[in-house]
Each structure stands twice: as structure tokens, then as C-alpha cells.
Amino acid sequence: MTKQPLLDVKNLVTEFIIPEGIVYAVNGISFNVNPGETLAVVGESGCGKSVSMLSVMGLIPTPPGIIVDGEAIYGNKNLFKLAEEEMEQIRGKEIAMVFQDPMTSLNPVLTIGKQITEALICHFDITKNDARDRAISLLDMVGIPEARNRLDDYPHQFSGGMRQRVMIAMALACDPHLLIADEPTTALDVTIQAQIVELVLQLKRQKDMAVIWITHDLGVVAGIADRVNVMYAGYIVEEALVDDLYEDPRHPYTCGLLGSLPRVDHRRERKLCSIPGSPPSLLVKPVGCPFRPRCQYSKEICQFETPKLRETSRGHHVACWIDIQSGEQISGS
Amino acid sequence: MTRYILHRILQGIPLLFFISIILFVLMMNMGDPIATMGGRTATRPADRERLKRQLGLDKPIVVQYFYWLAGNDWTKIDLDGDGIGETYGERKGVLRGDFGYSLVNRGKPALAVIGERIPNTLILMVAAELVIILGSLLVGVYSALHQYSFTDHFITTLSFIGYSMPIFFIALLSMYIFAVLFKRWGLPYLPTVGMFDPQVGKTAGQVILHMILPVLSISVISLAAYSRYIRSTMLEVMNQDYIRTAKAKGLPRPQIVYIHALKNASLPIVTVIGLDLPLLLGGAVVTERIFAWPGMGRLFLDHVERGDLPVVMGILMLISVAVVVFQILTDIVYAWLDPRIRFG
């Protein structure tokens with residue numbers, strides 16, 4: 001690694017203690033984001049994508065959630081060790097987050113002007129009027145027409161796509177170095193999705209910030225990401241530069257994900273492949289490879305030992321005992 | 001908004017007429033007012049007849065209701081029963097602000113009888129409601145933010161005990177503890193009867209001192225109920241996505257709790273308070289009785305027992321108007337709090 005990563009998460013373990021037992025949501029994942037880079041995190045619902053990012057932000061509801069282990073180095077601070085007041089200084093100001101559902105993520109009884117300016121007033125020494133001016137330019141920037149007149153409007157007066165633009169304006173209010181976008185387009189129409197993706201990309205270039213984009217939409221990933229982490233059942237199973245991942249997927253799960261994408265350039269009769277089975281219950285602490293029950297390549301070793309990430313080519317890591325090109329177990333492990 | 005308020009007020013008017021008809025019919029079947037007026041001495045049949053005609057009780061109920069509503073000073077009353085009216089009636093009717101004369105307190109206008117008691121009840125009830133609202137907000141929000149903590153469990157237990165105690169029991173228990181036992185232990189003890197000590201006179205300090213136990217008795221049950229309610233709405237709101245957004249912005253916790261959460265959580269609470277407030281006017285029948293507080297509750301009880309139709313109808317209509325007015329006020333507050341209603 002030549003430059004220091006902006007955020008370096010090591011061995012993050014997050015669990016939820018519920019009456020039924022312990023939910024093993026994130027099982028020791030490590031990842032990093034470099035300044036100005038876009039990292040996509042991909043995986044099925046419930047694979048720990050959002051939970052890992054919420055852990056980093058300190059937004060896991062506790063109880064029932066606990067961060068059992070790991071560290072998140074940002075600058076020279078470990079975010080997990082910070083006091084709540086210090087964390088408040090980082091949230092929103094250094095690291096901002098955009099959430100999945102713009103319908104429920106904005107407070108229905110406060111004007112959007114209030115919701116944007118309160119972050120500014122909270123983080124900067126700024127007067128109310130200056131904050132309002134800044135809010136107007138932010139709304140302008142995210143493409144809300146007649147921003148000046150819309151400041152005193154309430155969220156319900158905006159459409160879904162417009163609300164997500166407001167969310168983005170809110171997140172970018174304090175010029176964060178890192179934007180975590182948690183499936184920001186999932187709840188939107190496809191045409192609006194494209195607009196939002198384009199907007200975030202453009203703003204990212206303007207402001208030179210790093211973006212972590214959580215999604216289950218591999219189509220979006222291809223368009224925006226520099227690097228991709230594929231998650232499964234609380235593990236990172238593959239990480240690669242985006243082109244490498246599409247051209248040369250090394251994990252059976254990634255292959256399955258790519259195989260299940262519908263493509264217009266294929267004949268209609270060709271059936272979409274689905275991955276057989278369903279993700280494991282997170283209530284059971286996994287032994288061996290978490291993907292084994294659904295894997296067509298599985299061997300004996302997969303049953304007992306959890307594969308660690310290994311480098312297959314430069315910047316391309318995969319957590320699998322099998323070299324899927326040959327179907328053989330890898331040697332020297 | 002003004003249009004909406006006007007609309008609501010216009011809706012309230014037929015509602016009040018409807019309520020008054022039902023109440024009137026019910027009251028007319030509650031007993032014989034003349035028996036009350038006669039007192040202990042047996043009334044002669046001829047006098048009864050005369051009295052009946054004088055009060056208009058010989059007329060059909062529809063006519064009586066109309067007299068009650070619009071008065072009878074425009075028509076002659078047949079006092080001697082010969083079929084020809086001699087003197088004009090004296091009642092102006094409710095619509096002109098005349099609720100008639102109290103049958104129990106001879107000759108005193110019903111409104112004056114009620115008016116004497118209203119301040120006494122209001123002072124007691126407003127104090128109790130302040131204790132209830134402020135107390136339950138504090139307790140409810142605190143226990144929501146410290147869910148499942150020791151304090152939360154402790155408060156929950158207390159709430160259930162408070163909620164399940166009948167009000168007369170709370171009143172008697174508080175009397176026993178704060179008056180009887182405190183006196184026995186040589187501690188300063190609280191008075192249990194009336195509004196003030198006649199020897200000292202009706203001073204503010206005396207009234208406040210005498211209010212403590214009644215207010216306590218009235219508040220306990222509602223305090224327990226409201227705080228449970230506030231706790232659950234706060235818990236629900238604190239789990240909403242927009243609270244997570246507020247946290248993600250790095251706002252300090254008090255700002256999240258009191259601006260983002262409480263404004264949303266107060267919506268359902270406002271409804272409950274708006275329904276309860278007008279009933280305060282009716283007074284707390286049991287509490288006022290136990291503590292000999294000269295309020296509306298006691299007045300109502302005393303006069304209903306003796307079939308004093310003008311006073312009882314006055315009290316009931318006053319409460320009805322209050323219910324309608326507070327419903328409108330609730331809606332206005334609701335609209336002020338929730339823009340989705342304001343613009344919807």
C-alpha cells in the first residue's frame with residue numbers, strides 16, 4: 001500500500017443479542033477505502049453490508065447490537081474507541097451517510113431547510129442566515145429546482161427521487177471526506193436511480209471524496225466502482241478491482257451473482273441461473289466456509305475450515321479453498 | 001387553516017344540539033323535580049299541579065325542550081289549569097344564556113350556581129393536569145431512553161401499581177400517610193378537608209396546601225397511564241429511520257431527542273390529552289367528595305341526586321361545549337405539529 005487509506009477497518013465483528021440467541025451479522029471483515037476512491041460493497045440482503053457500515057458510523061442500536069472486536073482507523077483515531085461526543089464530531093462532518101429509503105429517512109415534521117442547516121450549525125461556527133444560504137446552494141447543487149423556495153417545504157412535498165437528492169444534499173452539507181451510500185437507489189424508479197447514481201458520481205469528482213456504495217445491484221457497481229467487496233453471510237468472500245471481478249470472478253458466489261444477472265445480449269430462452277438454496281441462518285456460528293451448502297465445488301476441507309482471503313492476482317483476493325478454474329483444492333494452505 | 005377551523009366550528013353546532021336533546025330526554029326521566037322542591041313536607045296535590053304548570057312540566061317533552069332552548073317569555077302560561085294562559089313565562093332559554101333557576105338553591109340562576117364552583121375546579125384540575133403532563137413527559141421520555149434499565153423496570157412497576165389502584169384508595173391512602181401518620185410522627189402534615197382553614201382564611205398558601213393531596217390523588221392514575229403511553233410512542237419514534245439520519249448527521253443527543261423525536265412522538269399524545277382535558281371541567285367526583293373540595297364534581301353529584309334539572313343540564317352542556325372546543329383545539333395543535341395534515 002503506497003498511500004495511507006482514508007478508512008481502514010480491521011477484523012470487524014458485530015453481533016446482535018436477541019431472545020432467540022446471537023445473530024452473527026459481521027464475522028471479522030477487513031477492508032479499507034483510499035481517499036477519492038469508490039468502493040462498492042455487494043451482497044444479498046442480510047449479508048452484513050449495512051451492519052458493517054453502521055458499525056463504522058457507530059449507529060448500531062445498542063442493545064441489541066454489539067461490536068465485539070475490530071478497529072476502524074480513520075486518520076489516526078480508532079472510531080470504535082472514541083467517546084460519543086468525539087464520534088459526533090466525525091459523523092456528518094468527516095463521514096456522512098445516505099440511507100436506503102428516502103421516504104422514511106427524512107423527519108416528516110421538520111422542514112428540509114431545518115434538516116440541512118442543523119448539521120451545518122452543529123458542526124461549524126456559522127450563523128443561521130449563512131447556513132440557509134449554504135443550504136440553498138446545496139439544494140441547487142443536487143439539482144432541486146427553485147431551491148430558494150423549497151427550503152421551507154416539508155419532506156412529504158417532495159417526490160421520492162427529490163427526497164433522495166435532499167438526503168444527498170444533507171450528507172454533503174459539511175463536505176465530508178467519505179460518503180457511505182447505503183443502497184441509495186433501491187427504493188427508487190429505475191430512471192431516477194440512474195440520475196442519483198450520476199449525481200453522486202459527479203459530486204464525488206467535484207469534491208474529491210471517497211464513496212462506499214452499498215448495493216445488491218451489480219449493474220450499478222459496474223458503472224461506478226473502482227473496487228468491489230463481495231460479502232456473504234457476514235464475510236467478505238472476494239475483493240477485486242471492478243474490471244477484474246467482472247472478467248475473472250474467483251469465488252463461486254460471485255460467479256453465481258454474475259450468472260444471475262439478466263442480459264439483453266443473450267437469447268431470451270436462456271434461463272437465468274439462480275444460486276440454489278438460501279443464505280445460512282446467522283443465528284448459527286458458521287463452521288467452515290459459509291457458502292459451502294450452496295457451492296457446487298465444495299470439498300471436504302470446506303466443511304471444517306473457514307477460508308481466509310488469499311491473493312490470486314494483484315489486488316484480487318478471494319476466500320475460497322478451491323481454484324474454480326481447475327476445480328481443484330488450492331495447495332499450500 | 002381559517003377555513004378549516006370555521007368548518008369545524010360549524011360542524012360542532014349541530015353536534016351540540018344533538019347532545020342536548022339526548023341529555024334532556026335522559027334527564028327528564030331521572031325522577032320528579034317537584035318531589036325535591038317540596039322538601040320533607042308533603043306537598044298538597046293542588047300545589048303540585050300548579051307547580052307543574054309553572055315549571056312547564058305538564059307540557060309534552062318536545063315543548064319542554066323547546067322552552068329550555070328558546071325560553072317561554074313569548075307565550076302565556078296557564079297557571080290555574082283552566083286552559084287559558086294568564087302570565088307570560090320568565091325563561092329566556094339556553095340560546096339566550098338563561099339556563100333557568102336552580103331547583104335546589106331556590107331562586108338562584110343555574111349559571112350562578114355553576115359559576116361559583118368553576119374556579120375551584122379549574123384550579124384543582126389545571127394543577128393536576130400540569131403535574132400529569134410534565135411528570136409523564138419526564139418519566140416517559142426518561143424510561144424510553146433507558147429502556148430495560150433498572151430505573152425503567154422500577155418505573156414500570158410503579159406505573160402498574162399506580163394504574164391499578166382505584167382513585168378512592170389512593171385518596172384515602174395518601175390521607176392516611178400524609179395526614180394521619182405524619183401527624184403521629186410529629187412531622188408537618190397536610191390538611192385533608194376543604195379549600196382552606198377557616199381560621200386562617202382563603203389565602204393562596206392555604207389553598208395550595210389544601211390542594212396537594214387532591215392533586216396527588218387525581219394525578220397518580222393518569223400519570224401512570226400517560227407515562228406508559230409516552231414511553232411506547234417515544235420508543236417507536238426512536239427506532240425510526242429519520243432518527244438514525246439525525247444521528248448520522250452528528251447531532252448531539254438532546255437535539256435528537258427533544259427536536260427530532262419528541263415532536264413526532266407528541267402527535268399521538270396530543271390526541272389523548274385533548275380528549276381528557278375537557279373532562280376536567282366536570283371535576284373529579286370521587287376526589288372532590290373525599291377531600292370535601294367545593295368543585296364541579298361535588299356540585300354535579302349533589303344536584304343530580306335531587307333532580308335539579310337546570311343545574312345538571314348546565315354542567316353537562318358546559319362539558320359538551322368544552323369537549324367540542326377542545327377537539328377543535330386539538331386539531332389545530334395537531335396541524336401545527338404535523339405539516340402533512342396542515343397541507344393535506
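- For a residue to count as touching a neighbouring chain, one of its non-hydrogen atoms must lie under 4.5 Å from one of that chain's; by this rule A:Glu84 does not touch chain B.
- For A:Met103, no part lies under 4.5 angstrom from a heavy atom of chain B.
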Quiz prompt | Test salt bridge (Lys or Arg N to Asp or Glu O under 4.0 Å) applied to A:Arg132 and A:Asp152, step by step | solution = CA-CA 10 Å; A:Arg132 268 183 83 86; A:Asp152 293 318; 3.4 Å; yes
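- A:Ser55 and A:Thr14 form a side-chain donor-acceptor contact under 3.5 Å, judged by distance and modelled atom types alone.
- Side-chain contact, B:His260 with A:Glu118: a donor N or O sits under 3.5 Å from an acceptor N or O.
- Using a 4.5 Å cut-off between heavy atoms, B:Gln147 does not touch chain A at all.
- Contact tally against chain A (heavy-atom pairs below 4.5 Å) for B:Ala246, B:Ala248, B:Pro252: the top residue is B:Ala248.
- Looking at A:Leu110, only its side chain comes within 4.5 Å of chain B, counting heavy atoms on both sides.
- Heavy atoms closer than 4.5 Å to chain B are found nowhere in A:Met87, neither backbone nor side chain.
- Of all the listed residues (A:His123, A:Gln100, A:Met57, A:Lys93), the one sharing the greatest number of non-hydrogen pairs under 4.5 Å with chain B is A:His123.
- The parts of B:Leu251 that come within reach of chain A are both its backbone and its side chain, each placing non-hydrogen atoms under 4.5 angstrom from that chain.
- Within the 4.5 angstrom heavy-atom criterion, no atom of A:Pro61 approaches chain B.
- Screening residues 118-128 of chain B for side chain to side chain donor-acceptor pair (under 3.5 Å), with sequence neighbours left out, gives B:Thr121-B:Glu288.
- The two residues B:Gly295 and B:Arg117 have their closest heavy-atom pair at O-NH1, 2.9 Å.
- Remark: B:Asp241 engages A:Thr104 in a side-chain hydrogen bond (donor to acceptor under 3.5 Å, both in side chains) (not counting sequence neighbours).
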Practice problem: Tell me, with the steps shown, if A:Tyr74 and A:Asp8 meet side-chain hydrogen bond (donor to acceptor under 3.5 Å, both in side chains). | Solution: CA-CA 7 Å; A:Tyr74 178 83; A:Asp8 195 2; over 6 Å; no
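- With chain B as partner, the option from A:Pro108, A:Ala96, A:Ala173 having the largest number of non-hydrogen pairs under 4.5 angstrom is A:Pro108.
- Only the side chain of A:Leu54 comes within less than 4.5 Å of a heavy atom in chain B; its backbone stays farther off.
- Counting non-hydrogen atoms of neighbouring residues, nucleotides and ligands closer than 6.0 angstrom, the NZ atom of A:Lys77 reaches no more than 12 such neighbours.
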